[in-house]
Amino acid sequence: MTQPKRIAVTGAAGQICYSLLFRIANGDVYGKDTPVVLQLLDLPQAQKAVQGVVMELEDCAFPLLQGVTITDDPATAFRDIDAGFFVGSRPRTQGMERRDLLSANAEIFRTQGRALNEGAKRDAKVIVVGNPANTNAMILAANAKDFPTENVTAMLRLDHNRALTQFAKKAGVSVDAIEKFVVWGNHSPTMFADWANATADGKPLPQVIGDEAWYKDTLIPTVAKRGTAIIEARGASSAASAANAAIDHMRDWISGSNGDWVSMGISSDGSYGIPEGVMAGVPVICSNGSYERVQGLKLDAFAQQMLDRTVAELVEEREAVSALL
Ligand code: NAX
């Protein structure tokens, strides 16, 4: 058997992790030949709940799960890791302003960035799920000074997957028939689900669907408000689908996306006029354990306006936390 991969997961007692941890232990990230060791982080008051989750992991008798550690210390959680799922974050509580939420999370991700810098392998792959995911990822990367910024990413994949299914249903095709679709920008209601280059079974998706009003007036808002719709229906926020999206993101990054585009929040190099250093969703193609931005796309006036709007929000978020960068 190959060496086990060490995977840190934060927010381990939370509802996303109640799905995520079992998928990772089942081999859904690194494949069925690679054993894993889980290094679980949560707050001191959540340690007992994490122990309960670990009891259930044990009771699954996953052949690939070679070990689990539980801690409330980020340095211990991130030591020697090959991958990190940063799920835990401070939720918004009643009366809390958006600015306060950003700062509370910025503090968490600053501390965790320093610990990541100290302990993680330099080629570790990191996904930030905890909201505000893009800005948290930017802070994490900025505070992990000797850790490659390109190895810190934010999750846009849930928005991506949500849109794929809506398109597939409308076009009457299977989800995997749709390619070259991207969600740009922030994981927030401003995100821009862009179908301009997308295809269904190789044919241009806008032509296959042939209903631009549906795209603008139904698809875009449906995806943007899907999180809220799920809370209203389920009485709790997306969990299994969020865990699945995190798995898809990491699996593709590790094993490749077979030439197709996927949406990842990555640190901007200035492409598409997105200010450098902002962690924005862009189209990437994954292969051989890395990703490459899809370059040279032409954006029409509508797309440009949508991109500008979501990027402006990211820039605002960056300004709100600038002291911690
Ligand atoms: P839960 O509230 O169920 O769990 C969060 C867990 O994080 C708790 O166990 C809490 O103790 C822990 N935690 C808080 N601060 C921590 C810290 N400093 N270090 C370690 N652990 C800490 O939330 P859950 O539903 O699991 O969602 C987790 C995060 O994902 C939230 O921020 C949520 O907004 C975000 N989401 C992001 C999505 C995305 O697409 N990027 C979609 C799903 C989800 O809404």
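As the structure lists them, so they are numbered: ligands from 1, and atoms in each ligand from 1. The structure displayed is predicted, hence computed values, not measured ones.
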Is there any side-chain hydrogen bond (donor to acceptor under 3.5 Å, both in side chains) pair reaching into residues 152-168, and which pairs are they, with sequence neighbours excluded?
Thr153-His249, Arg157-Asn161, Arg157-Asp252, Asp159-His187, His160-Ser263, Asn161-Asp248, Arg162-Ser238

Between ligand 1 and [X], is the shortest N or O to N or O distance under 3.5 Å?
{"X": "Ile16", "result": "yes"}
{"X": "Ala242", "result": "no"}
{"X": "Asp159", "result": "no"}
{"X": "Ser238", "result": "no"}
{"X": "Thr10", "result": "no"}
{"X": "Arg90", "result": "no"}

What protein heavy atom is closest to [atom], reported as residue, atom name and distance in Å?
{"atom": "atom 6 (C) of ligand 1", "answer": "Gly11 CA, 3.6 Å"}
{"atom": "atom 40 (O) of ligand 1", "answer": "His187 CE1, 3.0 Å"}
{"atom": "atom 5 (C) of ligand 1", "answer": "Gly14 CA, 4.2 Å"}
{"atom": "atom 32 (O) of ligand 1", "answer": "Ser89 OG, 2.6 Å"}
{"atom": "atom 37 (C) of ligand 1", "answer": "Val129 O, 2.9 Å"}

Spatial distance of atom CD (Gln47) from atom CD1 (Ile70) [nearest 0.5 Å]:
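The CD1 atom of Ile70 is 7.0 Å from CD of Gln47, to the nearest 0.5 Å.
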
With heavy atoms of [X] as the reference, note each atom of ligand 1 found under 4.0 Å away.
{"X": "Val87", "result": "28 (C), 29 (C), 30 (O)"}
{"X": "Gln112", "result": "17 (C), 18 (N), 19 (N)"}
{"X": "Ile108", "result": "18 (N)"}
{"X": "Leu158", "result": "40 (O), 42 (C)"}

Worked verdict on Ser188 versus Glu313 for side chain to side chain donor-acceptor pair (under 3.5 Å)
CA-CA 9 Å; Ser188 88; Glu313 185 182 51; 2.6 Å; yes

Could you walk me through whether Asp28 and Asn26 pass the side chain to side chain donor-acceptor pair (under 3.5 Å) test, one step at a time?
CA-CA 6 Å; Asp28 291 1; Asn26 191 45; 3.3 Å; yes

Are a donor atom and an acceptor atom from the side chains of Gln39 and Arg6 found within less than 3.5 Å of each other?
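Side-chain D/A pair, Gln39 to Arg6: present.
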
Among Val173, Asp260, Val208, Thr199, side chain to side chain contact (heavy atoms under 4.5 Å, CB included) partner for Ile178:
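When Val173, Asp260, Val208, Thr199 are each tested with Ile178, the side chain to side chain contact (heavy atoms under 4.5 Å, CB included) holds only for Val173.
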
Let me know which of Phe147, Phe85, Phe86 forms a ring-ring contact (aromatic ring centres under 6.0 Å, His included) with Phe78.
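Looking at Phe147, Phe85, Phe86, the match for Phe78 under the ring-ring contact (aromatic ring centres under 6.0 Å, His included) is Phe86.
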
Which of these, Asn161, Asn131, Asn105, has its nearest heavy atom closest to atom 34 (O) of ligand 1?
Asn131

Shortest heavy-atom approach to atom 16 (C) of ligand 1 - which of Val53, Leu43, Asp42:
Leu43

